[in-house]
There are 2 protein chains.
Amino acid sequence: MSKVGIKDIAARANVSTATVSYVLNGTRNVKPATKERVLRVIEELNFKPNAIAQSLKNRRTDTIGVIAEDVTVFNVPEIIDGINDYADRHDLHILLTNLRLDKRIGRGFDRVESYRKHMENAVAELQGKQVEGIVYIGVHPRDLTGMIDTHGKPIVYTYCYTQDDISIQYDDEQASYDAMAYLVKQGHSKIAIISGTMDSLPSRMRFNGFYKAVTEFSLPFNPDWIKMGDWETESGFRLAQELLSLPEPPTAILAMNDVMAAGVLRAASEAGVAVPGELSVIGFDNREFSGYLTPRMTTLELPLHEMGYRAMDSLMKAIRGEEVDRNQSPACKLILRDSVAPPPGD
Amino acid sequence: MSKVGIKDIAARANVSTATVSYVLNGTRNVKPATKERVLRVIEELNFKPNAIAQSLKNRRTDTIGVIAEDVTVFNVPEIIDGINDYADRHDLHILLTNLRLDKRIGRGFDRVESYRKHMENAVAELQGKQVEGIVYIGVHPRDLTGMIDTHGKPIVYTYCYTQDDISIQYDDEQASYDAMAYLVKQGHSKIAIISGTMDSLPSRMRFNGFYKAVTEFSLPFNPDWIKMGDWETESGFRLAQELLSLPEPPTAILAMNDVMAAGVLRAASEAGVAVPGELSVIGFDNREFSGYLTPRMTTLELPLHEMGYRAMDSLMKAIRGEEVDRNQSPACKLILRDSVAPPPGD
DNA sequence: AATATATATCTAAACGATTAAATTATTTTG
DNA sequence: CAAAATAATTTAATCGTTTAGATATATATT
């Protein structure tokens, strides 16, 4: 089953390889009869042009490299789906590199060198494969801007902010502001927040959104209502307990992710505080489980598909040398479910 | 910034391209001094060999194609992670095709033709790109075996059973048998099952495992304890209500996925039936949320990473023409949490 | 020192397509 | 109907590597 090539077609159809190429690409006129004959032979031998050879000659691979820190992180597949959606519509191929960072080097920046090594290696491999550009999906680069040298190959970062490169990240600040505005509209004013770790930029930006709403709506600002969590469900549980046992407890809690919000729900349940009757809760991420919780949880949905899609769009523009909007921030969407109601006695 | 090639290196190092190639690949002896010189120039110009050209000459791309029906389906990323793990260790690249079937053609087989078209198209593209083999991730092929002609290109199916091809799917029957054995060991004998839709092969196999345990452990067989669900949480909720209001209710329920099991938990909670005190529940899939439910749910973890890894291993064997175990079934693992206890009064 | 042997390097032909430029076939035109 | 114009096809170089086989250079052997 030695592969059939353009030469075989040419021979069997009694034409030159050039002619075959012309019928394949329609780059020149070829007599209908000849075309017919060539096409028939192509069909007969089930000929598919060798894209590798084409790429070599055309110096275009129509392939873009995607580097993901870890594809098993909950929001990554949806971003990849967006990337794929774009790729599909534009006849592009995706060469996927999964750094598997979490599995390899643990969390945090204690192994920056290791991260850099893996990253540089991944970029080099993709360069070798002649990808036309790279989409990066992950959180690390935001604190390490300039660390990665792609040697002029266009790259778009997504799911993180960068200063000097093109990046697409949803609007954290606006999102938490929107959540706050919704709570205020429901009549709340005593609103607590449970943040993620403050070394995280999204955490700080979400806090900005919270604070912006506090000032803009002239809400009472009580330091006891500001709690710092660590993204894990236990911290949501524990901090909610603290909030609920305050002399003046809040009537609503905004948690910076659904995982912590789930902890809040459990704390409320154990304390006999009805959600949403006595306490409203809003999460962040619209994780699948948030719809299975009791009550079904109101939360912020991230525009993941759009991020992937836009990342590709920006990348292709950059490749073509067009001007690109460097820091796009598609909006999150508040998903209204059953964990928010007006405050008691409202 | 015109790409630097082996010719540039050769010129600048005063050697022929052949010599450069030899130092690059170590395929022939080259004088240490020359080698040194060439290497320095390579470093200087940051030369990376063009893998496309190499592939053309060597007739090897070291690339395998992965076709996923939908990367956003919960268990797919973990399989991809396994594939990637293998690829990493063996210096292979992954060309990812996401059919996005669910998004495009809806569920079910009402659009078989459309599925086939997409699939054939995907295979053709990958053929063109000269992948050395294909891993398929999805459920569709099992009922359509033989429908896809890869023209001799090795393919391994995963996450589904096939008859005529190499496939890797976890052992559904053994898994539900294991869950049953565990319940029996805890002292249960009145065990109900909530299945998925019965047009699904995994559903039927899980039922086989259940039934095998019933006979092997001589459990009472009560037709009322056999319920057919539709994989969705509402059906778990509703069927659990029916089970709990039976004159002789079961002391344990095995649900064929975590989503339905979550519904069972909710039904128990609403009916004031304590889990695990009065009712034990086991789910299937070890979805992330199953750890956030109250009580944390005992469930079966699927060997997804291993499936991906093994799929690659089998594929590479097939590519090399070695003998391959055609239908591997790695085992699921029972994750013990808090939703199972001995039956009341035991 | 002349020859044989081993080592290092180079020349040039691939790999499978595309595409200018050249050639050949066909049609138009006066 | 021959010349000119146009259309169809072919020739051969090219993309950036690898690699037989040829050649040059160094080392060993007598």
Side-chain angles (χ1 to χ4, degrees), chain A residues 1-39 41-42 45-63 93 124-132, chain B residues 1-39 41-42 45-63 93 124-132:
Chain A
M1 200 210 53
S2 68
K3 281 295 284 168
V4 18
I6 207 174
K7 275 186 206 155
D8 305 284
I9 306 300
R12 213 135 121 81
N14 258 303
V15 292
S16 72
T17 60
T19 303
V20 178
S21 176
Y22 295 139
V23 338
L24 236 36
N25 303 296
T27 26
R28 276 200 200 180
N29 281 340
V30 4
K31 189 154 57 163
T34 320
K35 187 173 184 173
E36 180 76 9
R37 190 152 32 95
V38 170
L39 252 18
V41 175
I42 285 177
L45 305 190
N46 186 243
F47 165 74
K48 298 274 182 310
N50 183 326
I52 297 294
Q54 290 180 314
S55 292
L56 182 58
K57 184 81 236 278
N58 299 337
R59 316 165 113 256
R60 285 194 22 236
T61 55
D62 292 326
T63 299
H93 294 95
E125 295 266 299
L126 292 175
Q127 305 257 54
K129 281 283 189 179
Q130 310 300 113
V131 300
E132 326 232 351
Chain B
M1 197 209 56
S2 69
K3 280 297 283 173
V4 18
I6 207 173
K7 275 185 205 155
D8 305 284
I9 306 299
R12 213 134 120 82
N14 257 302
V15 292
S16 72
T17 60
T19 302
V20 177
S21 176
Y22 296 139
V23 338
L24 236 35
N25 303 297
T27 27
R28 275 199 200 183
N29 281 340
V30 2
K31 189 154 57 162
T34 320
K35 188 172 183 172
E36 180 77 8
R37 192 152 32 97
V38 171
L39 251 19
V41 176
I42 286 178
L45 305 190
N46 186 244
F47 166 74
K48 297 275 184 311
N50 182 326
I52 296 293
Q54 290 180 315
S55 292
L56 182 57
K57 185 84 237 277
N58 299 338
R59 318 167 112 252
R60 283 189 27 231
T61 56
D62 293 325
T63 299
H93 293 96
E125 296 265 299
L126 292 175
Q127 304 256 57
K129 281 282 190 180
Q130 309 300 113
V131 299
E132 325 232 349

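Every chain is numbered from 1 and lettered A, B, ... according to where its sequence line falls, protein lines coming before strand lines. Every value quoted in this text rests on a predicted model; they were computed, and no experiment measured them.
Counting distance only, with no hydrogens placed and no angle test, the side-chain atoms of B/Arg28 and the base atoms of D/dT19 include no donor-acceptor pair under 3.5 Å.
In this structure the side chain of B/Ile42 reaches within 4.5 angstrom of the side chain of B/Leu24, judged on heavy atoms. Contact of the A/Ile9 side chain with the A/Val4 side chain is registered, since non-hydrogen atoms from C-beta on lie closer than 4.5 Å.
Using a 4.0 Å heavy-atom distance criterion, A/Thr34 is classed as a sugar-phosphate-only contact. B/Val15 comes within contact range of the sugar-phosphate backbone alone, with a heavy-atom separation under 4.0 Å but no base atom that close.
Legend: salt bridge (Lys or Arg N to Asp or Glu O under 4.0 Å) pairs involving residues 14-35 of chain A, not counting sequence neighbours: none detected. Screening residues 46-56 of chain A for salt bridge (Lys or Arg N to Asp or Glu O under 4.0 Å) gives no qualifying pairs among residues at least two apart or on separate chains. Within the structure, the side-chain hydrogen bond (donor to acceptor under 3.5 Å, both in side chains) test picks out the following pairs touching residues 10-22 of chain B (sequence neighbours left out): B/Arg12-B/Glu44, B/Ser16-B/Thr19, B/Ser21-B/Asn25.
Taking atom NZ on A/Lys31 and atom P on D/dA7, their separation rounds to 14 Å, with Å as the unit. Per the geometry, NZ belonging to A/Lys129 stands 14 Å off P belonging to D/dT17, to the nearest Å. Put simply, CG on B/Asp8 is 13 Å from C1' on D/dC15, counting in whole angstrom units.
For the OP1/OP2 pair of D/dA8 and a distance below 4.0 Å, the side-chain nitrogens and oxygens of A/Asn29 include at least one atom meeting the criterion.
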Subject >> Heavy-atom protein contacts under 4.0 Å, nucleotides 11-17 of chain C, coded B base, S sugar-phosphate only, - none >> reply: B--BBBB
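For A/Thr63, the side-chain hydrogen bond (donor to acceptor under 3.5 Å, both in side chains) partners two or more places apart in sequence, or in a different chain, are B/Lys129.
Checked by atom type and distance alone, the side chain of A/Glu132 pairs as donor or acceptor with a backbone atom of A/Thr61 at under 3.5 Å. For A/Ser55 (side chain) and A/Arg60 (main-chain N/O), a donor-acceptor pair under 3.5 Å exists by modelled atom type.
One axis for each end of the helix from C/dA1-D/dT30 to C/dG30-D/dC1, each built from five base pairs, and the angle between them comes to 50° at 10° resolution.
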